Amino acid sequence: MTQKKFLDNFRDEIQKGFVSDRISPNNIAELQKYKRKSEIPSMENFYEAIENFENKKTFELEKPSVGYFCNIVPEEIILACDLHPVRLCCEDQVCAQAGEEIAPGDICCVIKSICGKFYGRLYENLNLVIIPGTCDPKTKLAELISPLKEIYFLDPGRDSDYLENAAIWESRYTELFDFLKKRFHKNPGRTQLISACHKTNKRTEIFRKIYQLRTDYPDSINVFDYYIMIYASFFMEIELWNDFAEKVYSQALEKKKTQNKPRILLVGTPVIFPNFKIIDVLEQSGLAMATDIQCTSFGRFFNPVEIDEDTESGIIRALALKNIAGSICPCLLNLEKMANLIIDTVNQYNLDGVIYYNLRLCQVFEIQTAILRQILKQRNIPFISIKTDLGKEDTGQLKTRLEAFREMLESHRK
Amino acid sequence: MNKINIARRIFQILSLVLLVYGGYIFKEWKESAETEQSIFPSLKAPPGSISTTKFEKGSILWPSGATPVIENYPPSLVCRFNPKGGMFKACILHFFSENLTWQTQIKYLLPYITLFILLCFLFGRMWCGWVCPIGTVGDFLTFLRRKMNIKVRRFPQNFRINLSFTGYGIMAIALTISTIIGMPNFARYQCYWFLPYCQICPARLICPMFGLIKPNWKDFSTGITTTFTILAWLVLGLFVAAFYFGRRVWCHMCPVGLINSWFNKGAGVELHKKAIKCIKCGYCADACPMGLTKMYQMNNDGIYNQNACIMCFRCVEVCPRENCLGVKFFGKELFRRKNDTKKVS
Ligand code: SF4
Ligand code: SF4
Ligand code: SF4
Ligand code: SF4
Ligand code: SF4
């Protein structure tokens with residue numbers, strides 16, 4: 001898929017037709033709330049980074065920055081071209097309301113938020129946006145925001161079988177790499193690719209330590225801090241993130257304390273700041289999120305790039321395997337893997353139950369709920385599915401449900 | 001970094017040094033020990049028949065005749081043409097070829113065959129992945145390609161299966177020829193057709209060079225030797241191309257590897273998978289130098305030894321899931337993939 005100019009002749013009409021005022025989501029108060037709960041001094045770094053980012057409401061970076069969505073867009077390739085990758089996945093209610101105008105009706109709030117951010121002119125400084133064809137709304141998103149931004153559409157297909165598709169993925173990634181080189185007049189080779197992989201592998205190394213620690217002692221890094229770290233990684237320089245995270249880990253090690261709350265595996269839609277409703281409720285109802293299977297955290301960080309062939313094409317292939325074949329994205333054909341992963345994680349870390357969280361109107365997450373429920377029921381793994389949106393109205397109701405779930409888990413334990 | 005891979009490379013190089021230069025390293029020791037009784041009968045050509053010592057400089061089977069340190073045949077391409085005879089006598093194909101021609105009685109062969117089978121049963125094709133000097137030379141070619149940033153060629157499954165049929169074909173022809181020239185009526189052909197596989201084997205050309213000895217590149221004296229010379233070039237070309245452009249493609253058709261592969265299933269070394277751990281990332285299949293896919297495809301727990309597997313354990317090493325793949329030796333766990341937080345490739 002090379003770069004295409006969608007709706008090029010209608011650019012003016014579209015731009016005139018929709019809001020062009022800056023919208024101003026204000027999440028600082030929210031951020032402070034979570035910051036107060038934090039017990040780890042060096043989490044400060046992450047809160048500060050997010051605060052700066054939210055205040056500026058835009059990117060002012062030394063390097064050209066490239067926005068992207070989804071794990072299947074290879075961050076390492078962007079890094080290798082000496083560009084700054086910015087993950088744009090967004091769940092913000094103010095933005096979603098603004099985005100209602102561009103993507104009205106029964107569309108998931110992620111897409112609405114993103115549209116709101118683009119049409120609210122918050123992403124002016126991005127040089128390019130890479131949009132993957134993972135789900136239908138995302139595919140159309142490429143067209144919706146193309147009057148405002150240069151778009152690169154990346155579609156590696158939805159079959160995650162390695163044997164049949166590795167060659168296709170490799171060629172899609174190579175096209176992207178070639179495009180970035182040309183577009184930004186860079187000439188990276190495999191040394192740059194390898195060093196980019198080293199950076200993300202370093203991140204994996206730190207993440208695995210944190211992941212391991214949290215599965216044993218969920219309170220060592222509280223769940224808000226955990227997702228704040230994840231959110232900060234969307235836009236921070238990766239090396240800086242690695243340094244900060246390493247510090248957080250070493251301070252968290254001292255905070256190990258056993259607790260008796262039921263330990264939960266949170267599966268499904270990614271939890272992205274400021275939409276912390278689910279973890280808020282989880283916390284309030286006395287459950288401990290011990291670990292997650294979500295694309296922005298586990299899915300993105302857990303697997304290292306495993307370079308076997310250290311040629312340029314070999315590295316690109318390794319990236320494809322990490323990002324697509326090993327992906328847990330529900331948009332791809334990989335339900336069996338998802339089921340295996342959930343069962344295995346629960347067994348390995350001795351977790352008490354699974355919460356399947358999904359944002360209203362996301363079909364790909366929702367459609368597999370019943371099957372997963374059935375599979376886990378057969379294995380006696382407590383399972384609850386939660387469907388909600390960005391609004392806070394249903395908080396009370398969610399809390400009641402999760403409290404009931406907790407009681408069930410506690411009796412299950414005995 | 002990848003510990004298993006590093007260990008394997010070191011082991012390969014040490015084996016190469018030992019097997020190829022064993023003649024230089026241990027010869028004195030051997031010469032003093034020669035008088036002692038060996039448990040193995042010495043296999044010598046019966047009077048009147050052709051033997052490796054009879055080949056003069058200039059003929060294809062030269063250099064030859066040097067005695068190795070140990071008169072035995074390990075399950076690898078350990079070549080008779082190693083400088084100063086090398087560590088072991090030769091490869092198993094050489095053993096079968098010469099004894100078919102000499103019509104040696106089975107009872108003399110049994111100790112050798114038993115030892116060979118025992119070694120195969122213990123380690124399967126680990127001999128190919130960890131020991132064989134020719135495999136090591138090939139891996140070095142692969143290493144060169146990688147350093148030159150040339151894309152690896154991946155061959156489809158069918159192609160690789162056909163390669164092994166080719167290997168079996170060549171082996172069958174070589175052994176048939178060896179049998180025929182052993183018959184009294186055909187004995188006069190022995191000078192041309194003796195050890196037919198050695199005549200085209202790339203190891204015959206590569207191994208002498210380790211001792212800075214010029215191998216016999218060509219013999220155009222008769223039609224038959226010309227044919228063998230050209231065939232040897234072709235096979236060497238195939239060997240180099242297979243290792244340079246692909247990975248262990250050659251090892252799909254190497255006759256010694258093929259014999260070895262019969263023992264892979266049921267060998268002492270076992271590769272295991274725990275299917276629920278697998279996230280189908282394909283790392284294992286992609287890294288397999290033999291291009292095998294069973295460990296990726298398997299959806300149930302159990303052993304995934306495959307005939308063509310050279311037991312390099314690369315699949316176990318690259319798997320990102322803790323405890324997913326592992327290696328056992330007679331049921332005892334050697335190692336499993338650890339959720340190694342230190343691991344950065
Ligand atoms: S995967 Fe679901 S939540 Fe994400 S953009 Fe697509 S429809 Fe929306
Ligand atoms: S030339 Fe080949 S077949 Fe002959 S002994 Fe050497 S390795 Fe074996
Ligand atoms: S198959 Fe390869 S490694 Fe095994 S004996 Fe033959 S050349 Fe050596
Ligand atoms: S299956 Fe595994 S051990 Fe066997 S050759 Fe392939 S990578 Fe090596
Ligand atoms: S590397 Fe491991 S997790 Fe990945 S496909 Fe192979 S066995 Fe499965």
Side-chain angles (χ1 to χ4, degrees), chain A residues 160-163 165-167 169-170 189-190 194 197-213 249 299 302-318 320-328 334 336-345 347-348, chain B residues 1-2 4-5 142-154 156-157 245-247 273-289 291-297 299-301 312 314-324 337-345:
Chain A
S160 69
D161 180 47
Y162 149 78
L163 287 178
N165 300 290
W169 300 332
E170 192 185 323
R190 66 179 171 148
I194 291 178
C197 295
H198 277 306
K199 287 178 199 166
T200 53
N201 278 359
K202 180 81 193 154
R203 186 175 66 188
T204 291
E205 187 191 322
I206 302 167
F207 178 80
R208 282 190 172 197
K209 288 196 282 195
I210 292 175
Y211 179 93
Q212 194 74 45
L213 181 67
Y249 173 71
F302 196 81
N303 289 345
V305 192
E306 193 60 65
I307 301 174
D308 179 53
E309 282 281 325
D310 53 1
T311 60
E312 199 173 303
S313 80
I315 300 166
I316 288 179
R317 193 176 171 103
L321 297 194
K322 176 200 160 200
N323 291 315
I324 309 176
S327 157
I328 50 152
N334 53 12
E336 182 174 5
K337 167 162 85 193
M338 192 66 162
N340 277 340
L341 195 57
I342 294 175
I343 297 167
D344 181 50
T345 312
N347 291 341
Q348 181 170 358
Chain B
M1 247 328 257
N2 303 305
I4 302 177
N5 205 31
T142 307
F143 170 79
L144 285 185
R145 170 186 53 76
R146 286 183 182 171
K147 286 299 148 223
M148 289 162 83
N149 202 6
I150 295 171
K151 182 175 173 168
V152 63
R153 298 249 146 238
R154 288 169 200 272
Q157 196 91 27
F245 294 108
R247 293 183 293 195
K273 175 167 180 175
K274 209 168 168 194
I276 200 161
K277 299 272 175 187
C278 176
I279 54 160
K280 298 280 175 191
C281 62
Y283 287 13
C284 50
D286 210 63
C288 177
L292 306 178
T293 55
K294 188 173 168 194
M295 56 286 187
Y296 164 78
Q297 285 169 308
N299 284 330
N300 49 321
D301 293 0
C312 64
R314 189 75 185 123
C315 47
V316 182
E317 172 171 57
V318 296
C319 177
R321 299 293 297 164
E322 181 179 12
N323 282 338
C324 181
R337 190 72 199 86
K338 290 274 157 40
N339 203 354
D340 187 350
T341 47
K342 285 273 174 300
K343 192 171 120 54
V344 176
S345 70

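Letters A, B, ... are given to chains in the order of the sequence lines, protein chains preceding strands, and every chain is numbered from 1. For clarity, every value in this text was computed on a predicted model and none was experimentally measured.
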Review point. Looking at B:Asn149, B:Thr142, B:Val152, which one has more heavy-atom pairs under 4.5 Å with chain A than the rest?
Key: B:Asn149

Practice item. Kindly indicate whether the side chain of B:Asn323, heavy atoms from C-beta on, has any atom under 4.5 Å from the side chain of A:Gln348. Key: no

Exercise for review: Could you give me the CA-CA distance, side-chain angles and deciding distance for B:Asp286 and A:Glu306, then say whether side chain to side chain contact (heavy atoms under 4.5 Å, CB included) is met?
Suggested key: CA-CA 10 Å; B:Asp286 210 63; A:Glu306 193 60 65; over 6 Å; no

Exercise for review: Mind checking side chain to side chain contact (heavy atoms under 4.5 Å, CB included) for A:Thr345 and listing every partner two or more places apart, or none if nothing turns up?
Suggested key: A:Tyr211, A:Leu265, A:Thr291, A:Ile293, A:Leu341, A:Tyr349, A:Leu351

Review point. When rounded to the nearest 0.5 angstrom, what is the spacing between SG in B:Cys324 and CG in A:Asn340?
Key: 10.0 Å

Check your understanding: So B:Ile276 and A:Ile343, side chain to side chain contact (heavy atoms under 4.5 Å, CB included) or not? Walk me through it.
Key -> CA-CA 8 Å; B:Ile276 200 161; A:Ile343 297 167; 3.6 Å; yes

Check your understanding: How far does SG of B:Cys288 sit from CG of A:Asp308, to the nearest 0.5 angstrom?
Key -> 9.5 Å

**Study point:** Under 3.5 Å donor-acceptor, B:Lys151 side chain and A:Ser313 backbone
**Key:** no

Exercise for review: Count the heavy atoms of every other residue, nucleotide or ligand shown that sit under 6.0 Å from NZ of B:Lys274, and state whether that count exceeds 12.
Suggested key: no

Review point. Are B:Arg247 and A:Glu309 within salt-bridge range, i.e. N to O under 4.0 Å?
Key: yes

**Study point:** Side chain to side chain, B:Lys280 and A:Leu163, heavy atoms closer than 4.5 Å
**Key:** no

Review point. Heavy-atom distance under 4.5 Å between the side chains of B:Tyr283 and A:Asn303, does that happen here?
Key: yes

Check your understanding: With chain B, which of A:Glu312, A:Met338, A:Arg317 has the greatest number of heavy-atom pairs at distances under 4.5 Å?
Key -> A:Arg317

Check your understanding: Are B:Pro320 and A:Arg208 side-chain neighbours, meaning at least one heavy-atom pair lies under 4.5 Å?
Key -> yes

Review point. Hey, does the side chain of B:Tyr296 reach the backbone of A:Tyr162 with a donor-acceptor pair shorter than 3.5 angstrom?
Key: yes

**Study point:** Stepwise side chain to side chain contact (heavy atoms under 4.5 Å, CB included) test for B:Glu322 and A:Asp344
**Key:** CA-CA 11 Å; B:Glu322 181 179 12; A:Asp344 181 50; over 6 Å; no

**Study point:** side chain to side chain contact (heavy atoms under 4.5 Å, CB included) against A:Asn165, all qualifying residues, sequence neighbours excluded
**Key:** A:Asp159, A:Asp161, A:Ile168, A:Trp169

Review point. Is any NZ, NE, NH1 or NH2 atom of the basic residue among A:Asp310 and B:Lys147 found under 4.0 Å from an Asp or Glu carboxylate oxygen of the other?
Key: yes

